Chemist: 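Would you mind keeping the following structure in view while I ask a few things?
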Amino acid sequence: QLQASGGGLVQAGGSLRLSCATSGRTLIDYGMGWFRQAPGKEREFVATISGSGGSIYYASSVKGRFTISRDNAKNTIYLQMNSLKPEDTAVYYCASRALGTIATDGSRYDYWGQGTLVTVSS
């Protein structure tokens, strides 16, 4: 089970760090991803990281502002979000896939967390 946390209300230009932890199983060798869904919009890809952490890919809308990382010893992945914009407002979900490679397509993921709400005020 994946548990996402760290969301909240922040002003534009601010920062938040999201965490995604698992209990009961290890995340080592699992590819991981962050996705988000804004009100009235479809879910979209944000960032992905390989099992080893050696491969990372970002959506163009967040590249340079967001950083995905992982601590396999803690079975946790992170999404550091800087220079937040109102258009970043969404529920953020973490997901895992048995294959250790990166993936931008949500259908490639096997397990999903419950989501954490990020609200960026202007």
Side-chain angles (χ1 to χ4, degrees):
Q1 186 175 0
L2 299 174
Q3 182 77 26
S5 62
L9 174 63
V10 63
Q11 289 187 332
S15 299
L16 282 175
R17 188 177 80 156
L18 306 184
S19 299
C20 176
T22 185
S23 59
R25 64 184 178 97
T26 178
L27 289 180
I28 292 175
D29 296 328
Y30 280 72
M32 301 294 297
W34 285 99
F35 293 78
R36 66 187 182 186
Q37 187 166 20
K41 294 187 177 180
E42 295 186 351
R43 183 182 65 196
E44 66 173 354
F45 163 75
V46 175
T48 179
I49 186 169
S50 62
S52 67
S55 295
I56 289 173
Y57 189 79
Y58 297 98
S60 58
S61 59
V62 307
K63 192 172 183 179
R65 299 188 297 122
F66 291 10
T67 302
I68 188 172
S69 62
R70 66 189 300 154
D71 185 338
N72 285 338
K74 295 182 178 180
N75 288 326
T76 302
I77 65 165
Y78 304 96
L79 186 68
Q80 178 66 43
M81 306 186 295
N82 298 329
S83 302
L84 282 162
K85 305 175 181 179
E87 51 263 44
D88 294 318
T89 294
V91 176
Y92 284 71
Y93 299 90
C94 61
S96 68
R97 58 197 303 263
L99 290 176
T101 54
I102 59 174
T104 62
D105 185 346
S107 67
R108 303 288 186 182
Y109 289 82
D110 309 303
Y111 296 97
W112 292 80
Q114 87 290 357
T116 185
L117 176 62
V118 173
T119 303
V120 184
S121 62
S122 57

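These figures come from a predicted structure and were not determined experimentally. No hydrogens, no waters, no symmetry mates; every other heavy atom, side chains included, goes into these values.
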Chemist: Compute whether any side-chain donor of one residue and acceptor of the other, for Thr101 and Arg97, lie under 3.5 angstrom apart.
Modeler: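 Short answer, yes.
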Chemist: Hey, could you give me the CD1/CD1 distance between Ile56 and Ile49, rounded to the nearest 0.5 Å?
Modeler: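 One gets 4.0 Å once the value is rounded to the nearest 0.5 Å.
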Chemist: Would you list the atom pairs, donor with acceptor, under 3.5 Å between side chains in residues 84-92 and any protein atom, with sequence neighbours excluded?
Modeler:
from	atom 1	to	atom 2	distance (Å)
Asp88	OD1	Arg36	NH1	2.9
Asp88	OD1	Arg65	NH2	3.0
Asp88	OD2	Arg65	NH1	2.7
Asp88	OD2	Arg65	NH2	3.4
Asp88	OD2	Lys85	N	2.8
Thr89	OG1	Pro86	O	2.9
Thr89	OG1	Val120	N	2.9
Thr89	OG1	Val120	O	3.4
Tyr92	OH	Arg36	NH1	2.9
Tyr92	OH	Asp88	O	2.6

Chemist: Would you compute the distance between atom CG of Asn75 and atom CD1 of Ile77 and round it to the nearest 0.5 angstrom?
Modeler: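 Result: 11.0 Å between the selected atoms.
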Chemist: What residues form a side-chain contact (heavy atoms from CB on, under 4.5 Å) with Ser52, not counting sequence neighbours?
Modeler: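 Counting only residues at least two positions away or on another chain, Ser52 forms a side-chain contact (heavy atoms from CB on, under 4.5 Å) with Ser50.
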Chemist: Side chains of Tyr30 and Ile28, heavy atoms from C-beta outward: is any pair under 4.5 Å?
Modeler: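 Side chain of Tyr30 against side chain of Ile28, heavy atoms only: no contact under 4.5 Å found.
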Chemist: Scan residues 24-91 for pairs that pass disulfide bond (SG atoms under 2.5 Å apart), counting only residues two or more places apart or in two chains.
Modeler: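 Residue pairs passing disulfide bond (SG atoms under 2.5 Å apart), neighbours aside: none found.
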Chemist: Listing request: all side chain to side chain donor-acceptor pair (under 3.5 Å) pairs with a residue in residues 112-122, at least two apart in sequence or in separate chains.
Modeler: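 Every pair satisfying side chain to side chain donor-acceptor pair (under 3.5 Å) with a residue in residues 112-122: there are none.
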Chemist: Working to the nearest 0.5 Å, report the span between CG of Leu27 and CG of Asn72.
Modeler: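 Taking CG in Leu27 and CG in Asn72, the distance rounds to 7.0 Å.
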Chemist: Please tell me if the side chains of Thr67 and Leu79 come closer than 4.5 Å, counting only heavy atoms from C-beta onward.
Modeler: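 Not touching, per the 4.5 Å side-chain cut-off.
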Chemist: State, with a plain yes or no, whether a side-chain heavy atom of Arg70 is found less than 4.5 Å away from one of Met32.
Modeler: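 Sidechains of Met32 and Arg70: in contact.
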Chemist: Using a 3.5 Å cut-off and no angle test, enumerate the donor-acceptor pairs between side-chain atoms of residues 6-21 and protein atoms at least two apart in sequence or in another chain.
Modeler:
from	atom 1	to	atom 2	distance (Å)
Ser15	OG	Asn82	OD1	2.9

Chemist: Do Thr22 and Gln1 have side chains that get closer than 4.5 Å, going by heavy atoms?
Modeler: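 Heavy-atom side-chain distance check fails, nothing below 4.5 Å.
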Chemist: If you compare all heavy atoms of Gly113 against all heavy atoms of Tyr93, which two are closest, and at what distance to 0.1 Å?
Modeler: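 Looking at all heavy atoms of both residues, the shortest contact is O-CD2, 3.5 Å.
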Chemist: For residues Val46 and Leu2: do they belong to one hydrophobic cluster (side chain heavy atoms under 4.5 Å, members Ile, Leu, Val, Met, Phe, Trp, Tyr)?
Modeler: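 They do share one cluster, since a chain of ILVMFWY contacts under 4.5 Å joins Val46 to Leu2.
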Chemist: Could you note down all residue pairs passing ring-ring contact (aromatic ring centres under 6.0 Å, His included) where residues 40-67 supplies at least one of them, sequence neighbours left out?
Modeler: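 The answer is Phe35-Phe45.
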Chemist: Taking everything shown except Asp71 itself, do over 12 heavy atoms lie less than 6.0 Å from its CG?
Modeler: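 Yes, enclosed.
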